[in-house]
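One structure is given here, and the rest of the page talks about it.
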Amino acid sequence: MYVLVLRLYNFDMMKKMKTLLILALLAVSGWANAQSIKVKVKGYADSTMYLIRYYGEKLYYADTAQADKNGLVSFDPSWVKKPGMYAVMDPTTNRFEILLNNEDVYIETDPKNYVRTMDIKKSKENKLFYEYIEFIGAKRTLAEKYKKEKEAATDPKKKEELEGKLKAIDEQVVAYQKDYVKNNKGTLAADVVNMSLAIDIPDAPKDENGVITDSSFQRNYYITHYWDHYDLKNDAIVRMGGFHRQLENMFENIMVKHPDSLIEYADRLISKMEDGSEVFKYTVVHLTSKYQKSKIMCLDNVFVHMVLKYYKTGRAYWMSEDKNKEIVERAEAMAPNLCGETPHNIALMDSAENWPRLYDVGKKYTILMFWSPDCGHCKKEMPKLVKKYNEWKKENMDIEIYAVSSINGKEWTDFIAKENMDWINVAVPEKVHAAKEEAQPYINKIVSTGLTDLKSLNYHDTFDIFKTPTIYLIDDKHEIIGKNLEAESLDNLLRKITGKEKAEEG
């Protein structure tokens, strides 16, 4: 385009304008600051090479490029604008890692040993990175030598001497890492090393007699300082595997698996991140997905909280309107039936045409169960539950079952009789499902007289029933304390909370 424009000018003016225009176009397009990612791999002339990017726990293809006759390959330079750890992979799928951080990269190496033959022509970050790798490699080799000698040694003094050498290597590595981070502050290489540093946990406080006064001090300190070595405002940490491992380790192995604790910690962690950042997005998506899939009872509370706080409020900038609406509606449907919530006081008709209400059961614990006589899993589970129910009654455990069948009629009553389901059995009256002209007056009557309500008649939506059996455990305060249980797990939970656990056999 600028060539056509230049033809309008003549003589000296043309020369001046040509220079100015080219500079302007370069500035607008970004060419003036263009950066490159070049790698020369010996022995791979005219071969296809790959740039691999890290994202969370996974690896993805970032770019594919063809090496020239000298084995030199140029990758898409736009990736230097997304700082993080990447890898170059050869046609045999062997690879070596590099750091990209807004600078030119030019590396030459040999596939016989990518690391040892690494010649970094351009890139401060990678010179620092491989300097660290070389140091750690040398210390690891020495440590392995001492370990083998220690295993082979029979003299206790020799073993002790070698153990001292191993300890000294550990101390040298830690000291080196701390100095490295301090001396190279502001580089991605320093961030990588910093994230590998362990948290220095002080001793727990003691009284004048040397007795620890706070047994949870070290654990609390560790949790509080867990992210000290991570810059949670730097998107680059998402493009390195360590962040995902650290995140998963905290929520899977360190935090107590109680919804309130997990929610509080998640909010505290996310508050340290910037809305609109990649770190914010990754953390919110990961935790939302994790607890949406969780099989642990009551942890769906975390999923609902994440959706209502971060998606419903419009903070999930990566979501399309349709997908966002879908996940919000799912969370809103689940919200009334979470652990800690008070479920709807359902009232339906039993086989004797009485209308018992859930809250009128009057027991310490009530099992609210939604099932169906034609459900294959229900047919297997009901006999087990009957057996447990009879055991609870025999042991005078203050428990009742309020069972809601999705089918009314002979199939329902026959199943109840066959399995001796001697608890409260209710269902939606068959007239409710009759033709509209017959059903509507009947519905109006039973609702207006207070026998039931529309939420009870539409219990599938009210209680978010999408599978049978679905079981809720409710205490005498009418709060849900357990859900998604089967006969065995329900028995274990009830015995635990009532103090009537069975002695282990054998």
Side-chain angles (χ1 to χ4, degrees), residues 258-260 263 291-292 294-305 307-308 328-350 354-372 375 378 381-382 385 388-389 392 397-408 421 423-429 432 443 446-447 450-487 489-491 493-494 496-498:
H258 185 282
D260 291 347
I263 287 169
Y291 293 109
Q292 183 179 26
S294 179
K295 302 297 183 184
I296 300 175
M297 186 179 70
C298 298
L299 293 195
D300 52 350
N301 287 40
V302 185
F303 164 72
V304 171
H305 172 83
V307 173
L308 298 184
V328 169
E329 287 177 349
R330 180 77 198 104
E332 288 178 334
M334 295 170 63
N337 302 295
L338 299 173
C339 290
E341 297 295 328
T342 301
H344 181 66
N345 188 16
I346 187 171
L348 291 175
M349 190 175 72
D350 64 17
N354 297 311
W355 293 81
R357 284 189 173 273
L358 177 65
Y359 291 1
D360 294 337
V361 171
K363 297 291 184 177
K364 179 71 174 175
Y365 301 102
T366 303
I367 297 163
L368 173 60
M369 177 173 66
F370 298 89
W371 70 290
S372 179
C375 153
C378 297
E381 199 64 19
M382 287 309 115
L385 192 55
K388 297 295 182 185
Y389 180 71
W392 299 333
M397 294 172 69
D398 200 10
I399 299 166
E400 186 55 276
I401 297 177
Y402 188 101
V404 182
S405 170
S406 62
I407 294 176
N408 198 332
M421 294 165 58
W423 50 58
I424 300 171
N425 289 289
V426 299
V428 174
V432 170
I443 293 172
I446 58 178
V447 171
L451 291 175
T452 188
D453 52 47
L454 292 178
K455 283 189 173 183
S456 295
L457 297 177
N458 295 313
Y459 69 84
H460 278 95
D461 292 335
T462 303
F463 290 91
D464 193 37
I465 306 302
F466 56 91
K467 67 180 181 67
T468 52
T470 291
I471 291 177
Y472 294 97
L473 179 60
I474 301 167
D475 65 14
D476 54 357
K477 296 177 183 176
H478 307 140
E479 290 183 0
I480 297 172
I481 59 172
K483 59 187 296 187
N484 298 327
L485 298 155
E486 296 190 343
S489 56
L490 180 59
D491 182 58
L493 177 58
L494 281 166
K496 182 177 180 180
I497 61 179
T498 59

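No experiment lies behind these values; they were computed from the predicted model shown.
In Lys496, the NZ atom is not crowded: 12 or fewer heavy atoms of neighbouring residues, nucleotides or ligands sit closer than 6.0 Å. Within 6.0 Å of atom NZ in Lys483, more than 12 heavy atoms from other residues, nucleotides or ligands are found, so the atom counts as buried in its surroundings.
Residues Met334 and Val307 have side chains not in contact (no heavy-atom distance under 4.5 Å, counting atoms from C-beta outward). For the pair Asp398/Asp476, no side-chain contact is recorded, criterion being any heavy-atom separation below 4.5 Å from C-beta on.
Aromatic ring pairs are classed by plane angle as parallel below 30°, tilted from 30° to 60° and perpendicular above 60°; the pair His478 and Tyr359 is parallel. Classification of the Tyr472-Phe463 ring pair by plane angle, with boundaries at 30° and 60°, yields tilted.
For Asp475 (side chain) and Lys477 (main-chain N/O), a donor-acceptor pair under 3.5 Å exists by modelled atom type. Although no hydrogens or angles enter the test, the distance criterion places no donor-acceptor pair under 3.5 Å between the side chain of Asn345 and the main chain of Arg357. Proximity of a side-chain donor or acceptor of Glu341 to a complementary backbone N or O of Ile480 within less than 3.5 Å is not detected. Checked by atom type and distance alone, the side chain of Ser456 pairs as donor or acceptor with a backbone atom of Ala347 at under 3.5 Å. At least one donor-acceptor pair under 3.5 Å links the side chain of Tyr402 to the backbone N or O of Pro356. Side-chain atoms of Asp300 never come within 3.5 Å of backbone atoms of Phe303 as a donor-acceptor pair (strictly under, hydrogens ignored). A distance-only check finds no donor-acceptor pair linking the side chain of Thr366 to the backbone of Glu400 [under 3.5 Å].
Here the rule is side-chain contact (heavy atoms from CB on, under 4.5 Å) with Val426, and of Asp350, Leu358, Ile346, Thr452 only Asp350 fits it.
A search for side chain to side chain donor-acceptor pair (under 3.5 Å) contacts involving Arg330 returns Asp464, not counting sequence neighbours. Annotation: side chain to side chain contact (heavy atoms under 4.5 Å, CB included) contacts of Ser372 (sequence neighbours excluded): Asp374, Cys375, Ser406, Ile407, Thr468.
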Determine whether Thr462 and Leu457 satisfy the following criterion, side-chain contact (heavy atoms from CB on, under 4.5 Å), listing intermediate values before the conclusion. CA-CA 9 Å; Thr462 303; Leu457 297 177; over 6 Å; no
